[in-house]
Colleague: 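Before we start, here is the structure in question, set down as structure tokens.
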Amino acid sequence: MSADVVVVGAGPAGLTLANLLQRNGIACVVLEARDRSYVEQRQRAGVLDHYGGQIFERAGLAAEVLAGAPVERFLELRYEGKPHLLDVPALAGGRAGWIVPQQMLVRRLLGTFLAGGGDLRFEAREVALHDLTSAPRVTYTDAAGPHEIECSYVAGCDGFHGVSRPSIPEDELTTYTFDHGIGWYTVLADAPPPRYPLMGIGANGFAAQFARGPGASRFYVQYRPGAEDPRAWPDDRTWAELRVRLGDPGLPGGAITDREIVEMRSFVAEPMAYGKLFLAGDAAHIITPMGAKGMNLAIADADVLADALTSALRGDDAALRAYSDVCLRRTWDYQDFSRWFTEMVHDIDGDPFRRRLARARFDRLFTNQAAAAAFADMMAGVELVS
Ligand code: FAS
């Protein structure tokens with residue numbers, strides 16, 4: 001069997017790429033290791049930034065993938081319980097994002113791809129990439145047995161733990177890892193969502209509350225990795241921490257349905273390409289959820305890669321040769337923004353000097369129009385000017 005492109009992974013990167021290639025008339029096959037219900041249920045991100053929304057607008061997909069998704073408005077930051085509202089879209093010249101749970105976006109992208117006749121194969125096991133610098137082949141097995149697909153290009157959209165990045169010889173890659181020294185205990189609870197996306201900042205540490213559908217909220221509570229495991233906290237302790245840090249003694253509790261810990265780490269692999277293999281999304285980079293850029297970076301990579309692959313398959317590979325540099329420029333821009341944001345709202349190591357720096361950073365958002373606009377520009381997602 002042969003295809004123009006084999007896309008490994010059906011997450012935001014893989015499904016955005018597959019839909020955009022499909023609209024360009026490029027034949028691609030998507031290989032996904034898990035089953036459909038896993039792919040459609042996995043809860044993660046919650047915000048599509050304005051730039052990501054423009055990608056779907058340009059592709060004629062926005063009406064379907066964003067149907068009913070509320071447009072984001074204010075961001076509420078409570079500093080030692082005192083509320084501060086940032087009208088991010090207004091500060092970004094009207095560029096607003098959407099509050100859309102990642103699993104809903106993935107479910108809809110899956111639907112549009114299949115409705116367009118897309119070839120998506122679930123439970124594709126033992127995916128392996130071969131001859132990436134000559135005539136690429138991808139092998140895998142499923143219930144029907146072993147398969148081999150010859151292709152012109154491979155898109156590695158299989159996340160941080162996928163097979164694509166490890167298929168690149170180690171001496172071809174430079175990797176950067178950064179441990180922020182912060183952990184987030186994240187819980188999903190049947191608790192009414194906040195009026196606006198909410199962050200609590202103060203001496204007790206960071207907390208946040210975001211909507212995850214009409215009757216559910218996702219909460220985040222900062223903890224010190226290695227010093228404790230908050231998953232062992234009784235629920236009363238979790239609610240007590242949230243009420244103090246969010247400055248809301250009356251915060252209604254609710255059944256906690258999911259508990260995870262996320263240690264804040266950042267990672268970048270350079271370059272995002274090897275031979276005929278191109279990495280997109282978490283396969284190439286991991287960013288903290290501060291500023292909500294992980295999923296949005298994955299979608300932005302897929303947009304650049306779709307255009308570049310389409311041009312290459314029509315005879316002009318200039319954009320494909322530039323792919324890694326273009327995406328790494330945005331990746332490092334967002335890594336810097338996410339670190340800046342992380343430092344502003346977290347008590348990183350109890351250092352009083354750093355805590356005062358963070359407070360100065362915070363105050364500038366509400367006293368300096370240019371600083372607030374720069375913050376909102378990054379929240380909206382940036383168009384890369386060459
Ligand atoms: P994904 O990991 O989403 O998808 C990869 C796909 O490839 C998966 O379906 C996987 O099953 C499949 N796969 C893996 N190995 C394979 C193999 N060998 N063969 C075939 N298929 C394979 N981002 C934000 O923007 N905002 C947030 O608030 C946010 N919160 C997060 C909270 C948590 C707890 C976590 C873990 C992440 C969060 N993220 C957030 C980041 C997250 O959304 C990722 O950036 C996003 O899922 C990246 O999308 P993909 O690159 O498509 O990778």
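If you read the sequence from its start, that first residue is 1, and numbering goes on from there. As the structure lists them, so they are numbered: ligands from 1, and atoms in each ligand from 1.
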Colleague: Would you say the side-chain atoms of Thr177 and Arg265 include a donor-acceptor pair closer than 3.5 Å?
Modeller: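 The criterion, which ignores hydrogens and geometry beyond distance, is not satisfied for Arg265 and Thr177.
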Colleague: Out of Thr310, Asn19, Asp4, which residue meets the side-chain hydrogen bond (donor to acceptor under 3.5 Å, both in side chains) rule with Asn24?
Modeller: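 With Asn24 as partner, side-chain hydrogen bond (donor to acceptor under 3.5 Å, both in side chains) holds for just one option, Thr310.
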Colleague: Any salt bridge between Asp119 and Arg121, counting N to O under 4.0 Å?
Modeller: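 Answer for the salt bridge query: yes.
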Colleague: If the test is ring pair (Phe, Tyr, Trp, His ring centres under 6.0 Å), which one of Tyr223, Tyr220, Trp233 qualifies with Tyr185?
Modeller: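 Exactly one candidate clears the test, Trp233.
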Colleague: Go through the steps to decide whether Leu242 and Gln209 satisfy the test side chain to side chain contact (heavy atoms under 4.5 Å, CB included), and finish with yes or no.
Modeller: CA-CA 9 Å; Leu242 283 166; Gln209 181 185 6; over 6 Å; no
Colleague: Do we see a donor-acceptor contact under 3.5 Å between the side chains of Ser266 and Gln335?
Modeller: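 Yes, side-chain donor-acceptor contact under 3.5 Å.
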Colleague: N or O contacts of ligand 1 with protein under 3.5 Å, please list pair by pair.
Modeller:
unit_1	atom_1	unit_2	atom_2	d
ligand 1	2 (O)	Arg44	NH1	3.4
ligand 1	3 (O)	Arg42	NH2	2.5
ligand 1	4 (O)	Arg42	NH2	3.4
ligand 1	9 (O)	Glu32	OE1	2.8
ligand 1	9 (O)	Glu32	OE2	3.4
ligand 1	11 (O)	Glu32	OE2	2.7
ligand 1	21 (N)	Ala33	N	3.1
ligand 1	23 (N)	Met295	N	3.3
ligand 1	25 (O)	Ala292	O	3.3
ligand 1	25 (O)	Lys293	N	3.4
ligand 1	25 (O)	Gly294	N	3.0
ligand 1	25 (O)	Met295	N	2.9
ligand 1	43 (O)	Gln102	OE1	2.6
ligand 1	45 (O)	Asp282	OD1	2.9
ligand 1	45 (O)	Gly294	O	3.4
ligand 1	45 (O)	Met295	N	3.2
ligand 1	47 (O)	Arg44	NH1	3.3
ligand 1	47 (O)	Gln102	NE2	3.0
ligand 1	51 (O)	Asp282	N	2.8
ligand 1	52 (O)	Pro12	N	3.2
ligand 1	52 (O)	Ala13	N	2.9

